[in-house]
Amino acid sequence: MLLSPPSLAILLFGAAILLVCQFIARVLTRTAKRRDVEAPASPQLKSTIQEKVPTTTSLQESERPKHSPSETRRLKHYKNLYHKVQNLEQHPKILEAARTELIALLSSTTSTALQTKSTNIFAIDTYSRSALETYLQNDNDTSTTAFEAYIARRRAGSPREMFSDIEEAKWWLKNAAPVKYVDGSWLGHINKITTPFPLRPITKDAWQVMSEELGDGDLAKNHVFVYEDLMREIGETEVPAGDAEDFIHPRHELDELRVWRAAVAQLLVSLFAHDFLPESLGFNMAYEGLPLHLMKTVEELRELKLNGYYFVLHISIDNADSGHSKMATEAVTKYIEYVRATTGSEEEVQKAWRRVQAGFMLAEGLPTTPEAPSLKKSAEESFPRNDLERRVVEVFAAKAPVAHKLHCSSKLKIGRQTLVDWLDPSIFSSSKQWQMDFLDDLADCKPWIKKGDADGSKLVQEMSWGGRMFGSFTEGEMIILKNWVNALPDDRPSVYCNFTGRTEEEALTNNLHDITIDYPVLDQSVDANLQSLFSLTTNDLSTTHTHHTDPLPSLKPTNPNTSHHAHFGSAVDITRLVPLWFASPALLESFVNVPAKVSNRLGSAVVRLLRAQTGFAEEGDGVAGMDEVVRGENGGVVGLVELGLEMLRRRSEGVGMMTLKEVLQDARAKGAREEVEFAELMLHASMRPMRYGDVLLGMTAAFVELHEHIVAAKMDVLSDKSRAVLAAIAGRERASSEICMREIEGHADVGRLREYQVGLDVARRRIAACFPAA
């Protein structure tokens, strides 16, 4: 439809005003899993504030959030990403859209932060540890001081500031679930086997934070489980699990836009773990800080006699002395020093720092809490939201009486209304709500407005010489409109790239094809090979283990110091074993990428098994926190990868190898082609834990047997000290593996046990082939 010049003029007016609003986003949502009746409940907190709980009242439909068409599209977009990113195996094509969205979010929050640079972490132009620590301490002090002021206001009789009554608090808790059900996901893809070996001490520190978010394998302490328990307590039993497709259905009324946006950011920031490591570390450092809203939430839930332990947990475990906040800061400083040591370039150090800052502001710039309907300020109170908006509205208010009737034949729609309706002077001049909605809808009217780029916006081009609206606006009015457009959050890739020094090609390109170095890799061309490998019939199962009467002999209680496994020999071809050894820690890595998938007994056992393989200390009643970081700095965190590197060093091999890819290339060059190919299939299978989960658990059990055999046979592939380390690892592996086995064995689907046996047998055969007959 062609517009008359006057109609076009008004459309462009509108487009210019809206974007400054750019809603902060809506907030989180929630999801509940079926309860495990044997799992312990979350601790209850007794109310410390004496206040009568008001009678519950239903949240009126009119109070529920309303979305413009553009907001509705974005809500659908975020929900789609939320589901598919948690189910990558079924939706591998989402990776391109996910990367594009990550860059857009980084650009948008970077753009906003640059406008208030002196008040945020961007104020640290040149990195130094002291400057960072000072900033974080000041930030913490600001939050606690603001909380003191909040407590003073409340004691003086002021109303609640998070939710008004118990019914609204329950609504708030429900709508926060989308974020709470991905708790820890911003680190979900950290510390993979394809992480360069020199970076592992850093990514291990970050992974320890995620491990504690997952309860260190104790289901009762798993943060997602704790929140699921809270949902059940407030009567929300119908909403499905956070990774379920039904979770994003509109019927659940989880429609807080800013919550979904924040949840998606958490899922995306570590998804491309190797390409965005500094951003992930920066995000973690910001997210593990102490936000004011968290402390307010605890107080107000207590007042309403609702269980706020999930929120108390995050205040305590995230502390800046020994908790996640301190651990996150250590990971960042170690990374920056790593860049300095490996590049010798201060320019590269500052580039790395800017990427950390971008990740930090991605977390800081996206609100994660719902906006309680009763506490939202009306447009009469809150609009215009800044002086620039006020001046833009004045410009359009002056034009409306002149342009309104000129567009009476126009059917153009801007968001919720037609152009003609928006410009009705009797409404436009008298209603702030109307003005605010107009600006918000107009801001999303492309191509008239390019956020942050006035000269590139068609609105400004049409008002300039040669445009159809030239002369409709004065020079002063054009300056106001251009300033407004330039102030809008700019989500173009160039914003993030210009700030960090990365090229757009580097940031946006998904060259994720090599399973030995890239992540994530979901190569569908190998599916047939995997199906062939794992499609053994009953008659195909190895008969070399007939000396055992139990069909699953590896699950009998054993002592790793004395138990020999007869299917392995006394001498090993280390060249053939090395590819399998290094690929084996990847088998269960992807089980824990999605927090919602491990808030159960089997998932918790896998967390403990991975902790053992990584070299973390055995789990106790509390949390290790900074103790684990210090232990790592003293060389105490030795896992399977470190032991594998020792195997190579003892044979004067692998010196200087930095990556898994180099290890496999070296093994292939020395004749272990079949073992390398099998190792690569192990890596591909590990990226498919939903399809091959039970197979992967069976394969892991075979490698537990290998570890026990090396210890019991006192094989000289490792030193005595390292064999002792391996013995401890193997003991913990077996305990967790047996729990996994019992979960599978007790499942109604007997096919799961069959798949477990297939994985066990396939891996045993391949490992046994590395032990040539005497």
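Count residues from 1 along the sequence.
Between H223 and the options K180, E213, E228, a side chain to side chain donor-acceptor pair (under 3.5 Å) holds for only E213.
Ion pairing between a basic and an acidic side chain is recognised when a charged N comes within 4.0 Å of a carboxylate O; R668 and E680 show such pairing. In summary, R766 and E674 engage in a salt bridge, as defined by a charged side-chain N under 4.0 Å from a carboxylate O.
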Given the rule in the side-chain hydrogen bond (donor to acceptor under 3.5 Å, both in side chains) test, do D523 and S525 qualify, once you have shown the distances and angles that lead to the verdict?
CA-CA 5 Å; D523 184 355; S525 69; 2.6 Å; yes
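Using a 4.5 Å heavy-atom cutoff, the side chains of D275 and R99 are in contact. Looking at heavy atoms from C-beta onward, V209 lies out of side-chain contact with I190 at the 4.5 angstrom threshold. Proximity of F771 to M715: side-chain heavy atoms (C-beta onward) are separated by under 4.5 Å at one or more points. In this structure, the side chains of M699 and Y692 stay at 4.5 Å or more apart for every pair of heavy atoms. Between E755 and R691, the closest side-chain pair of non-hydrogen atoms falls below 4.5 Å.
Between Y287 and F283, the ring-plane angle classifies as parallel under the 30° and 60° cut-offs. Between Y519 and H274, the ring-plane angle classifies as tilted under the 30° and 60° cut-offs.
Cation-pi geometry between R502 and F276 is met: the NZ or CZ atom falls under 6.0 Å from the ring centre, inside 45° of the normal.
Applying the ring-ring contact (aromatic ring centres under 6.0 Å, His included) rule to F272 yields no partners; only residues at least two apart in sequence or on another chain are considered. With sequence neighbours excluded, the residues satisfying salt bridge (Lys or Arg N to Asp or Glu O under 4.0 Å) with D527 are R688.
Residue pairs meeting the side-chain hydrogen bond (donor to acceptor under 3.5 Å, both in side chains) criterion with at least one member in residues 607-618, sequence neighbours excluded, are Q208-R611, S211-R611, D216-R611, R611-E619, Q613-E733.
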